[in-house]
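First listed ligand is number 1; within each ligand, the first listed atom is number 1. Remember, predicted model here, so these are calculated numbers, not experimental data.
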Amino acid sequence: MTTAQVVNPATEQVVTTVELTGEAETDAAIERAQRAAIAWREVAPGDRARLLRRFADAVDADVEHLAQLEVANSGHTIGNARWEAGNVRDVLHYAAGIPERLLGQQIPVAGGVDITFHEPLGVVGVIVPWNFPMPIAAWGFGPALAAGNTVVLKPAELTPLTAVRLAELALEAGLPEHVFQVLPGKGSVVGQRFVTHPAVRKVVFTGSTEVGTEIMAGCARQVKRVTLELGGKSANIVFADADLERAAATAPYGVFDNAGQDCCARSRILVQRSVFDRFLELLEPAVRGVQVGDPAQESTEMGPLISAAHRERVAAFIEPSTKVAFTGKRPDGPGFWYPPTVVLPDSPTDRVLTEEVFGPVVAVLPFEDEADAIRIANDTEYGLSGSIWTNDVGRALRVSRAVEAGNLSVNSHSSVRYWTPFGGFKQSGLGRELGPDAALAFTETKNVFIAT
Ligand code: TAP
């Protein structure tokens with residue numbers, strides 16, 4: 001059995017060692033999940049709902065413990081980590097409403113009765129990245145379980161601890177064995193097996209567009225269902241008529257939350273030229289004021305990056321020629337720290353404008369008018385999220401409709417609510433998670449005609 005060390009990114013100390021699942025063990029787990037799926041789909045809807053509610057309650061009772069684990073494993077601030085554990089609870093409670101409301105249709109036909117059913121797929125494989133280990137896992141396994149599927153879940157190699165704990169809580173809550181299994185291991189081993197094993201009927205993948213593309217190609221060989229949540233390069237568009245003070249005060253939190261390791265990070269701030277200089281003046285103290293440091297402290301607003309290798313990757317975006325406007329603070333000593341950094345790109349082809357940095361680096365650039373703002377916002381192959389700051393409701397709606405992204409917010413930076421749909425346009429992904437239709441992505445629609 002191979003093992004991997006789990007490292008605290010704020011201290012660089014080893015937290016624990018986990019055993020990595022190999023290929024044969026992955027196959028065995030998938031086959032156990034396949035057998036468990038036969039009984040799970042037959043559990044009465046009300047009983048499946050009750051079990052999911054008990055799972056949600058078990059998570060609720062464990063929120064503080066899960067949050068502390070995430071602080072130690074991922075370097076998330078304690079405030080964020082509590083929200084993340086609470087999000088798992090909320091997703092499960094919402095999912096508990098699904099089994100009794102997975103309604104088919106009765107469609108008028110001649111000569112009989114026509115009805116549709118939403119049948120579970122069987123085994124669903126969920127592949128999770130390291131940036132939000134708990135919520136992203138739950139967005140997959142919550143509705144998948146509710147719709148009558150069994151789940152095998154692979155956490156990121158760097159951040160397995162909370163997923164392992166969630167599997168324990170599921171068993172403690174009374175979910176039958178093998179209905180929800182967590183398999184820590186490598187993407188190239190466990191994740192790949194989810195793609196190639198024919199008993200896995202759907203793969204839900206969140207991570208880089210590069211790996212997502214490979215997964216989609218692999219799944220295509222078996223016409224396997226796939227949901228992809230990939231990268232982003234979201235725009236935060238600030239019009240001259242906006243509440244500029246509020247837009248500037250909140251902009252750092254729209255991009256530096258989770259140290260910028262967020263697919264929804266508003267990493268391009270587009271500001272109307274007439275207020276560009278004033279906006280930068282207001283932004284500077286807001287960025288310098290971001291509290292960066294020990295993620296276990298209640299007052300901390302930004303923790304470290306996930307690893308030394310990732311910090312190198314982020315740092316490489318700042319080339320000697322890059323115009324850095326100003327930076328925030330970073331602690332000295334051990335930890336994979338990187339300061340909040342604001343850059344003023346010279347050209348639309350600068351890497352910092354075209355690639356996902358996945359770190360606390362934001363580019364600020366001017367635009368002329370509404371059409372120019374929309375053009376720049378859409379000048380990317382990504383399309384996940386974004387914000388629009390204006391006090392003109394007509395403009396807010398026109399720009400919201402024109403920006404090619406799945407999740408937009410006006411005068412706000414929120415992207416995620418467990419009861420509203422989430423997902424990307426273009427290369428940011430395929431399919432939607434969360435919201436009222438989440439369960440349908442884990443079913444096949446079956447049509448039955450009965451002659452009368
Ligand atoms: P990825 O390399 O895409 O990894 C995401 C998940 O996929 C991990 O669990 C990974 O396992 C697994 N995986 C890797 N290669 C695989 C393969 N060939 N087959 C099946 N599964 C595979 O992302 P990352 O390393 O976490 O981050 C790299 C970049 O991806 C980031 O810098 C960022 O640009 C982007 N990213 C985006 C998001 C979102 S939410 N859009 C989230 C995370 C990362 P291992 O842990 O073993 O590698």
Side-chain angles (χ1 to χ4, degrees), residues 2 4 6-7 9 18 20-23 26 73-74 84 125-137 139-140 152-161 163 182-197 200 203-219 224 226-234 257-265 267 305-307 309-317 336 338 351-352 354-361 380-385 405-407 415-416 422-430 433-434:
T2 44
V6 174
V7 173
V18 291
L20 299 182
T21 315
E23 190 170 317
T26 305
N73 189 169
S74 305
E84 291 159 24
V126 181
I127 302 175
V128 181
W130 46 257
N131 65 328
F132 287 111
M134 284 190 273
I136 289 174
W139 303 351
V152 283
L153 183 142
K154 191 203 94 64
E157 208 186 322
L158 295 174
T159 56
L161 299 188
V182 169
L183 314 176
K186 290 187 180 299
S188 55
V189 179
V190 181
Q192 260 311 298
R193 212 49 201 127
F194 291 0
V195 173
T196 56
H197 197 301
V200 177
V203 173
V204 179
F205 170 84
T206 304
S208 60
T209 298
E210 192 187 356
V211 176
T213 311
E214 273 177 44
I215 286 182
M216 190 173 173
C219 286
K224 190 172 286 194
V226 67
T227 294
L228 302 173
E229 295 290 357
L230 309 175
K233 193 73 208 170
S234 300
D257 196 46
N258 206 25
Q261 303 165 121
D262 182 343
C263 45
C264 292
S267 56
L305 294 173
I306 190 67
S307 65
H310 188 56
R311 180 171 59 183
E312 268 180 45
R313 191 184 161 277
V314 170
F317 277 89
F336 307 126
Y338 198 86
R351 276 183 68 216
V352 76
T354 58
E355 295 178 29
E356 185 177 40
V357 179
F358 227 56
V361 176
T380 166
E381 272 313 309
Y382 292 115
L384 190 54
S385 206
N407 300 85
S415 295
V416 169
F422 177 79
F425 278 35
K426 302 190 281 189
Q427 291 188 24
S428 282
L430 189 71
E433 295 187 297
L434 303 174

Q: Looking at atom 31 (C) of ligand 1, what's its closest protein heavy atom, distance included?
A: Phe358 CD2, 3.5 Å

Q: How many angstroms lie between atom OG of Ser74 and atom CG of Leu161, to the nearest 0.5 angstrom?
A: 8.0 Å

Q: With a 4.5 Å limit on heavy-atom distance, are the side chains of Gln192 and Thr196 in contact?
A: yes

Q: Name the option, out of Val128, Val195, Val189, Leu230, that contains the heavy atom nearest to atom 8 (C) of ligand 1.
A: Val128

Q: Working to the nearest 0.5 Å, report the span between CD1 of Ile306 and CG of Asn73.
A: 6.5 Å

Q: Using modelled atom types and a 3.5 Å cut-off, is there a donor and acceptor pairing between side-chain atoms of Lys233 and backbone atoms of Val352?
A: yes

Q: Looking only at protein heavy atoms, identify the closest one to atom 11 (O) of ligand 1 and say how far it is in Å.
A: Lys154 NZ, 3.0 Å

Q: Under a 4.0 Å heavy-atom limit, does Arg313 contact ligand 1 with its side chain, its backbone, both, or neither?
A: side chain

Q: Report the distance from atom CG of Asn258 to atom CD of Glu84, rounding to the nearest 0.5 Å.
A: 6.5 Å

Q: Would you say the side-chain atoms of Thr21 pair up with the backbone N or O of Gly185, donor to acceptor, closer than 3.5 Å?
A: no

Q: Give the residue, atom name and distance (to 0.1 Å) of the protein heavy atom nearest atom 12 (C) of ligand 1.
A: Ile127 CG2, 3.7 Å

Q: I need the atoms of ligand 1 closer than 4.0 Å to a non-hydrogen atom of Gly231, numbered in the order shown.
A: 41 (N)

Q: Out of Cys263, Pro184, Gly187, who is nearest to atom 40 (S) of ligand 1 when you count heavy atoms only?
A: Cys263

Q: At a 4.0 Å threshold, what atoms of ligand 1 neighbour a non-hydrogen atom of Ile215?
A: 20 (C), 21 (N)

Q: Using only atom types and a distance under 3.5 Å, with no angle test, would you say the side chain of Glu356 pairs donor to acceptor with the backbone of Gly232?
A: yes

Q: Quick one: are Val204 and Glu433 in side-chain contact, heavy atoms under 4.5 Å?
A: yes

Q: Test your reading of the structure: does Ser188 have an N or O sitting under 3.5 Å from an N or O of ligand 1?
A: no

Q: Looking only at protein heavy atoms, which one is nearest to atom 43 (C) of ligand 1, and how far off is it?
A: Pro129 CB, 3.2 Å

Q: Does this structure show an ion pair linking Glu381 with Lys426, if we count only N-O contacts that are shorter than 4.0 Å?
A: no

Q: Would you mind running through ligand 1 and noting each atom that sits below 4.0 Å from a heavy atom of His310?
A: 32 (O)

Q: Centroid-to-centroid, Trp139 to Phe132, below 6.0 Å?
A: no

Q: Using a 4.0 Å cut-off to any heavy atom of Glu214, which atoms of ligand 1 qualify?
A: 18 (N)

Q: Classify the contact between Phe205 and ligand 1 as side chain, backbone, both or neither, using a heavy-atom distance cut-off of under 4.0 Å.
A: side chain

Q: Within a strict 4.5 Å, meaning less than it, do heavy atoms of the Ser307 and Trp130 side chains meet?
A: no

Q: Report the nearest protein non-hydrogen atom to atom 27 (O) of ligand 1: residue, atom name, distance rounded to 0.1 Å.
A: Trp130 NE1, 3.5 Å

Q: May I ask you to list the atoms of ligand 1 that are less than 4.0 angstrom from any heavy atom of Gly191?
A: 20 (C), 21 (N)

Q: Under 4.0 Å from any heavy atom of Lys186, which atoms of ligand 1 are there?
A: 47 (O)

Q: What residue and heavy atom of the protein are closest to atom 46 (O) of ligand 1, and at what distance?
A: Glu157 N, 2.7 Å

Q: Any side-chain heavy atom of Val126 within less than 4.5 Å of one from Lys154?
A: no

Q: To check your reading of the model: name the closest protein heavy atom to atom 16 (C) of ligand 1, its residue, and the distance in Å.
A: Val211 CG1, 3.5 Å

Q: Distance under 6.0 Å and angle within 45° of the ring axis: does Arg351 meet both against Phe317?
A: yes

Q: With heavy-atom distances below 4.0 Å as the criterion, list the atoms of ligand 1 near Gln192.
A: 17 (C), 18 (N), 19 (N), 20 (C)

Q: Taking atom 5 (C) of ligand 1 as the point of reference, which of Leu158, Thr206, Leu153, Thr159 owns the nearest heavy atom?
A: Thr206

Q: Check each atom of ligand 1 against the heavy atoms of Asn131 and keep those under 4.0 Å away; list them by number with element.
A: 40 (S), 42 (C), 43 (C)

Q: So which heavy atom in the protein is nearest atom 28 (C) of ligand 1, and how far is it from that ligand atom?
A: Ser208 CB, 4.2 Å

